[in-house]
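Written out below as C-alpha coordinates is the structure these notes cover.
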Amino acid sequence: MKYWLMKSEPDVFSIDQLKKDSTTWWEGVRNYQARNFMMKDMEVGDAVLFYHSNATPPGVAGLAVISKAAEPDQLQFDKKSEYFDPKATKEKPIWYCVQVKYADKFKELVSLQDLRDNDKLKEMLVLAKGSRLSIQPVDKKHFDIVKKMGGL
DNA sequence: GCCAACGTTGGC
DNA sequence: GCCAACGTTGGC
(Lines give C-alpha, C1' and ligand atoms only; values in the text may rest on other atoms or scores of the structure.)
Protein backbone atom coordinates (compact mmCIF):
# COMPACT_ATOMS: atom_id res chain seq x y z
CA MET A 1 0.00 0.00 0.00
CA LYS A 2 1.24 3.43 -0.96
CA TYR A 3 0.62 6.97 0.17
CA TRP A 4 -0.18 10.05 -1.90
CA LEU A 5 -0.95 13.72 -1.78
CA MET A 6 -3.58 15.02 -4.20
CA LYS A 7 -4.24 18.71 -4.73
CA SER A 8 -7.63 20.20 -5.36
CA GLU A 9 -8.78 23.78 -5.35
CA PRO A 10 -11.54 23.95 -2.76
CA ASP A 11 -13.44 26.47 -4.88
CA VAL A 12 -13.64 23.76 -7.52
CA PHE A 13 -13.82 20.60 -5.41
CA SER A 14 -13.32 20.57 -1.64
CA ILE A 15 -13.08 17.87 1.01
CA ASP A 16 -16.62 18.79 2.07
CA GLN A 17 -17.85 18.11 -1.44
CA LEU A 18 -16.07 14.76 -1.41
CA LYS A 19 -17.67 13.94 1.92
CA LYS A 20 -21.07 14.76 0.45
CA ASP A 21 -20.48 12.78 -2.74
CA SER A 22 -18.57 9.96 -1.01
CA THR A 23 -16.57 9.22 -4.18
CA THR A 24 -15.34 11.13 -7.21
CA TRP A 25 -13.38 10.45 -10.37
CA TRP A 26 -10.24 12.55 -10.28
CA GLU A 27 -10.85 14.07 -13.71
CA GLY A 28 -9.04 16.89 -15.40
CA VAL A 29 -5.44 15.97 -14.67
CA ARG A 30 -3.49 17.07 -17.76
CA ASN A 31 0.05 16.49 -16.62
CA TYR A 32 1.87 13.35 -17.68
CA GLN A 33 3.72 12.78 -14.44
CA ALA A 34 0.53 13.00 -12.42
CA ARG A 35 -1.29 10.81 -14.91
CA ASN A 36 1.43 8.18 -14.75
CA PHE A 37 1.13 7.99 -10.99
CA MET A 38 -2.59 7.30 -11.38
CA MET A 39 -2.12 4.79 -14.21
CA LYS A 40 0.93 2.89 -13.07
CA ASP A 41 1.48 3.29 -9.38
CA MET A 42 -1.81 3.81 -7.60
CA GLU A 43 -3.68 0.81 -6.27
CA VAL A 44 -7.08 0.44 -4.70
CA GLY A 45 -6.69 1.00 -0.99
CA ASP A 46 -3.84 3.49 -1.22
CA ALA A 47 -4.20 6.39 1.22
CA VAL A 48 -4.39 10.02 0.14
CA LEU A 49 -3.72 13.34 1.81
CA PHE A 50 -6.40 15.63 0.38
CA TYR A 51 -4.70 18.98 -0.15
CA HIS A 52 -6.47 22.30 -0.69
CA SER A 53 -4.45 24.41 -3.11
CA ASN A 54 -5.10 28.02 -4.07
CA ALA A 55 -6.85 28.37 -0.74
CA THR A 56 -6.46 30.66 2.27
CA PRO A 57 -4.58 29.10 3.78
CA PRO A 58 -3.50 26.18 1.60
CA GLY A 59 -2.99 22.85 3.37
CA VAL A 60 -4.06 19.27 3.99
CA ALA A 61 -7.78 19.14 4.72
CA GLY A 62 -8.34 15.44 5.27
CA LEU A 63 -7.87 11.88 4.07
CA ALA A 64 -9.17 9.85 1.17
CA VAL A 65 -8.64 6.40 -0.29
CA ILE A 66 -8.18 5.17 -3.85
CA SER A 67 -11.37 3.24 -4.51
CA LYS A 68 -11.04 2.31 -8.19
CA ALA A 69 -8.06 1.87 -10.50
CA ALA A 70 -7.44 4.22 -13.42
CA GLU A 71 -9.92 4.45 -16.29
CA PRO A 72 -10.06 6.84 -19.24
CA ASP A 73 -10.98 10.38 -18.22
CA GLN A 74 -14.26 11.00 -20.05
CA LEU A 75 -13.73 14.75 -20.22
CA GLN A 76 -11.01 14.31 -22.85
CA PHE A 77 -13.76 13.27 -25.31
CA ASP A 78 -16.17 16.07 -24.40
CA LYS A 79 -15.88 18.93 -26.85
CA LYS A 80 -17.63 21.25 -24.45
CA SER A 81 -15.23 20.54 -21.60
CA GLU A 82 -12.22 22.68 -20.86
CA TYR A 83 -10.41 19.36 -20.51
CA PHE A 84 -11.26 18.24 -24.06
CA ASP A 85 -8.23 16.86 -25.89
CA PRO A 86 -8.58 16.72 -29.70
CA LYS A 87 -5.73 14.21 -29.92
CA ALA A 88 -7.51 11.63 -27.77
CA THR A 89 -9.75 8.92 -29.21
CA LYS A 90 -11.88 6.27 -27.51
CA GLU A 91 -9.55 3.63 -28.96
CA LYS A 92 -6.47 5.49 -27.76
CA PRO A 93 -7.29 7.61 -24.75
CA ILE A 94 -4.53 9.87 -23.48
CA TRP A 95 -5.78 10.81 -20.02
CA TYR A 96 -6.77 8.54 -17.17
CA CYS A 97 -8.16 9.09 -13.71
CA VAL A 98 -8.70 7.05 -10.57
CA GLN A 99 -11.72 7.06 -8.31
CA VAL A 100 -11.17 8.58 -4.88
CA LYS A 101 -13.29 7.89 -1.82
CA TYR A 102 -13.79 10.07 1.22
CA ALA A 103 -12.17 8.81 4.40
CA ASP A 104 -11.86 11.53 7.03
CA LYS A 105 -11.84 15.27 7.44
CA PHE A 106 -9.22 16.76 9.73
CA LYS A 107 -10.49 18.54 12.81
CA GLU A 108 -8.38 21.45 11.70
CA LEU A 109 -6.64 22.12 8.42
CA VAL A 110 -2.93 21.29 8.55
CA SER A 111 -1.70 24.36 6.72
CA LEU A 112 1.26 24.54 4.39
CA GLN A 113 2.93 26.66 7.05
CA ASP A 114 2.30 23.94 9.66
CA LEU A 115 4.00 21.44 7.34
CA ARG A 116 6.94 23.79 6.86
CA ASP A 117 7.26 24.33 10.59
CA ASN A 118 7.68 20.60 11.24
CA ASP A 119 11.31 19.56 10.94
CA LYS A 120 10.36 15.94 10.32
CA LEU A 121 8.51 16.86 7.13
CA LYS A 122 11.38 18.72 5.46
CA GLU A 123 11.62 16.19 2.66
CA MET A 124 7.99 16.20 1.62
CA LEU A 125 7.70 16.99 -2.09
CA VAL A 126 4.93 19.48 -1.52
CA LEU A 127 7.39 21.63 0.42
CA ALA A 128 10.02 21.61 -2.31
CA LYS A 129 10.58 24.92 -4.02
CA GLY A 130 8.54 25.26 -7.16
CA SER A 131 6.71 22.00 -6.61
CA ARG A 132 3.45 22.21 -8.53
CA LEU A 133 2.81 18.57 -9.27
CA SER A 134 -0.83 17.96 -8.39
CA ILE A 135 -0.35 14.30 -7.47
CA GLN A 136 2.69 13.32 -5.42
CA PRO A 137 3.90 10.21 -3.63
CA VAL A 138 4.25 10.60 0.14
CA ASP A 139 6.41 8.59 2.54
CA LYS A 140 4.49 6.55 5.11
CA LYS A 141 6.34 8.26 7.94
CA HIS A 142 5.32 11.67 6.60
CA PHE A 143 1.76 10.53 6.04
CA ASP A 144 1.51 9.31 9.63
CA ILE A 145 2.85 12.58 11.03
CA VAL A 146 0.46 14.72 8.98
CA LYS A 147 -2.45 12.49 9.96
CA LYS A 148 -1.56 13.00 13.60
CA MET A 149 -1.22 16.74 13.09
CA GLY A 150 -4.74 16.68 11.69
CA GLY A 151 -6.02 15.10 14.90
CA LEU A 152 -6.61 11.61 13.53
C1' DG B 1 16.96 17.52 -30.56
C1' DC B 2 17.42 22.37 -29.13
C1' DC B 3 15.42 26.14 -27.10
C1' DA B 4 12.55 30.43 -27.11
C1' DA B 5 8.00 31.59 -26.40
C1' DC B 6 4.08 30.73 -24.25
C1' DG B 7 0.76 28.80 -20.79
C1' DT B 8 -0.21 27.10 -16.12
C1' DT B 9 0.24 26.41 -11.18
C1' DG B 10 -0.14 28.05 -6.89
C1' DG B 11 1.78 30.73 -2.94
C1' DC B 12 1.77 35.21 -1.45
C1' DG C 1 -2.92 40.66 -9.17
C1' DC C 2 1.95 39.42 -9.24
C1' DC C 3 5.37 36.45 -10.49
C1' DA C 4 8.68 32.41 -9.93
C1' DA C 5 9.00 27.91 -11.32
C1' DC C 6 7.87 24.61 -14.23
C1' DG C 7 5.73 22.10 -18.38
C1' DT C 8 4.50 22.15 -23.22
C1' DT C 9 4.65 23.60 -27.95
C1' DG C 10 6.46 24.43 -32.28
C1' DG C 11 9.91 26.42 -35.49
C1' DC C 12 14.22 25.35 -37.07
Side-chain angles (χ1 to χ4, degrees), chain A residues 2-21 24-42 46-66 70-100 102-139 141-143 145-152:
Chain A
K2 301 192 200 72
Y3 300 85
W4 306 93
L5 179 143
M6 297 174 85
K7 297 181 185 173
S8 180
E9 300 188 23
D11 290 346
V12 179
F13 192 85
S14 67
I15 186 96
D16 290 324
Q17 189 64 46
L18 181 62
K19 184 175 185 179
K20 204 181 289 178
D21 297 349
T24 190
W25 288 95
W26 207 261
E27 294 171 310
V29 170
R30 295 294 178 268
N31 170 284
Y32 286 105
Q33 229 183 320
R35 179 204 68 175
N36 289 344
F37 282 136
M38 289 198 283
M39 279 179 78
K40 299 181 177 155
D41 299 313
M42 280 185 174
D46 284 359
V48 175
L49 298 175
F50 193 107
Y51 183 91
H52 280 173
S53 61
N54 258 322
T56 46
V60 180
L63 304 178
V65 177
I66 304 303
E71 291 185 14
D73 179 339
Q74 295 304 311
L75 297 180
Q76 68 194 305
F77 310 123
D78 180 358
K79 280 195 177 139
K80 288 183 290 252
S81 168
E82 61 174 311
Y83 297 112
F84 175 69
D85 188 332
K87 293 197 285 293
T89 63
K90 298 258 182 187
E91 293 71 32
K92 276 198 173 175
I94 298 172
W95 304 108
Y96 284 75
C97 54
V98 294
Q99 192 194 60
V100 171
Y102 174 81
D104 262 309
K105 185 181 174 182
F106 285 171
K107 315 266 181 276
E108 273 183 72
L109 183 93
V110 176
S111 71
L112 182 60
Q113 193 58 53
D114 293 338
L115 298 177
R116 286 217 174 96
D117 289 343
N118 191 324
D119 274 353
K120 292 182 186 137
L121 300 178
K122 274 200 179 99
E123 280 155 40
M124 279 188 82
L125 281 178
V126 72
L127 300 181
K129 187 171 151 194
S131 145
R132 8 175 273 194
L133 194 57
S134 65
I135 297 178
Q136 313 177 347
V138 172
D139 285 352
K141 60 181 178 194
H142 294 150
F143 182 94
I145 292 167
V146 175
K147 182 174 171 180
K148 200 168 280 180
M149 288 165 80
L152 296 175

In whole angstroms, how far is the [atom2] atom of [N] from the [atom1] atom of [X]?
X: A:M6; N: B:dG10; atom1: CE; atom2: C1'; answer: 17 Å
X: A:N31; N: C:dA5; atom1: CG; atom2: P; answer: 18 Å
X: A:R132; N: C:dC6; atom1: CZ; atom2: C1'; answer: 4 Å
X: A:Q33; N: C:dA5; atom1: CD; atom2: P; answer: 18 Å
X: A:Q136; N: C:dC6; atom1: CD; atom2: C1'; answer: 13 Å
X: A:I94; N: C:dG7; atom1: CD1; atom2: C1'; answer: 16 Å
X: A:L125; N: B:dG10; atom1: CG; atom2: C1'; answer: 16 Å
X: A:K87; N: C:dG10; atom1: NZ; atom2: P; answer: 7 Å

Quiz prompt | Check: A:D21/A:Q17 side-chain N/O donor and acceptor closer than 3.5 Å | solution = yes
Quiz prompt | Partner set under ring-ring contact (aromatic ring centres under 6.0 Å, His included) for A:F143, not counting sequence neighbours | solution = A:Y3
Exercise. For the residue pair A:F50 and A:W26, categorise the inter-ring angle as parallel (less than 30°), tilted (30 to 60°) or perpendicular (more than 60°).
Key: perpendicular
Quiz item: Any side-chain N or O of A:Y83 less than 4.0 Å from the OP1 or OP2 oxygen of B:dT8?
Solution: no
Practice problem: Ignoring backbone atoms, test whether A:K129 places a side-chain nitrogen or oxygen under 4.0 Å from the OP1 or OP2 oxygen of C:dA5. | Solution: yes
Self-check item: Side chain to side chain, A:Y51 and A:V60, heavy atoms closer than 4.5 Å
Solution: yes
Exercise. Carefully, step by step, assess A:N31 and A:L133 under the rule side chain to side chain contact (heavy atoms under 4.5 Å, CB included).
Key: CA-CA 8 Å; A:N31 170 284; A:L133 194 57; 3.4 Å; yes
Quiz prompt | Those residues of residues 108-118 of chain A lying under 4.0 Å from DNA chain B by at least one heavy atom | solution = A:L112, A:R116
Exercise answer: donor-acceptor pairs, residues 83-91 of chain A side-chain atoms, under 3.5 Å, sequence neighbours excluded:
{"from": "A:D85", "atom 1": "OD1", "to": "A:K87", "atom 2": "N", "distance (Å)": "2.9"}
{"from": "A:D85", "atom 1": "OD2", "to": "A:W95", "atom 2": "NE1", "distance (Å)": "2.8"}
{"from": "A:T89", "atom 1": "OG1", "to": "A:K92", "atom 2": "N", "distance (Å)": "2.9"}

